[in-house]
Chemist: 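Quick one: the structure is below, and I'll ask about it shortly.
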Amino acid sequence: MSRGAAPAALLALSAVALTACGNTVDRQDLETKIADFVQRQTGTTIDVHCPDGVKADKGARVRCTTVLSGAPTDIDIEFVGGGHFRITSTRLQGS
């Protein structure tokens with residue numbers, strides 16, 4: 001997969017449900033769900049890193065990071081309500 005193809009392929013994600021404690025997302029659950037989706041879509045295994053203390057409020061956005069095809073990549077997500085999120089963009093870091 002080319003460097004440009006991997007990030008573009010992620011935009012097809014529909015809303016995915018997360019485990020939350022109150023209003024705060026379980027960081028490991030979020031990272032795992034993103035990594036599982038990428039693996040299903042691209043066949044690529046990745047490690048995703050998201051910040052701690054993410055709130056699952058509707059409209060809240062967060063940036064997670066990974067390495068796709070050898071390139072550091074940002075994955076932006078938005079919470080759409082009910083503990084669900086969608087990937088809104090992926091881009092190579094520094095671009």
Chemist: Considering the options Ile75, Val25, Val54, which one meets the side-chain contact (heavy atoms from CB on, under 4.5 Å) requirement together with Val62?
Modeler: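 Going through Ile75, Val25, Val54 one by one, the side-chain contact (heavy atoms from CB on, under 4.5 Å) with Val62 is satisfied by Val54 alone.
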Chemist: For the CD1 atom of Ile77 and the CD1 atom of Ile87, what is their distance to the nearest 0.5 Å?
Modeler: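 Answer for the CD1-CD1 pair, Ile77 versus Ile87, is 7.5 Å.
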Chemist: State, to 0.1 Å, how close Arg63 and Pro51 come at their nearest heavy-atom pair, and which atoms those are.
Modeler: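 So the minimum-distance heavy-atom pair works out to O-CD, 3.5 Å.
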Chemist: About how many Å separate CD of Glu31 and CG of Asp36, when rounded to the nearest 0.5 Å?
Modeler: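 Asp36 CG to Glu31 CD: 11.5 Å, rounded to 0.5 Å.
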Chemist: Minimum heavy-atom separation for Lys55 to Ala60, with atom names?
Modeler: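 Looking at all heavy atoms of both residues, the closest pair is O-CB, 3.6 Å.
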Chemist: To the nearest 0.5 Å, tell me how far Phe85 CZ sits from Cys64 SG.
Modeler: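 Reported to 0.5 Å precision, the distance equals 8.0 Å.
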Chemist: Would you give the length of the straight line joining atom NZ of Lys33 to atom SG of Cys50, rounded to the nearest 0.5 angstrom?
Modeler: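 It is 12.0 Å, given to the nearest 0.5 Å.
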Chemist: Is a side-chain donor-acceptor pair under 3.5 Å present for Asp76 with Thr88?
Modeler: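 There is no such pair (donor and acceptor under 3.5 Å, judged by atom type) between the side chains of Thr88 and Asp76.
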Chemist: Determine whether more than 12 heavy atoms belonging to other residues, nucleotides or ligands lie under 6.0 Å from atom CD of Gln28.
Modeler: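 No, not enclosed.
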Chemist: Please report the closest heavy-atom contact between Ile46 and Ala35, naming both atoms and the distance.
Modeler: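 Minimum heavy-atom separation between Ile46 and Ala35: O-CB, 3.7 Å.
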Chemist: Is there a side-chain contact between Leu68 and Val38, using heavy atoms and a 4.5 Å cut-off?
Modeler: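 Heavy-atom side-chain distance check passes, below 4.5 Å.
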Chemist: Kindly compute the distance separating NE2 (His49) from OG1 (Thr66), expressed to the nearest 0.5 Å.
Modeler: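 Result: 6.5 Å between the selected atoms.
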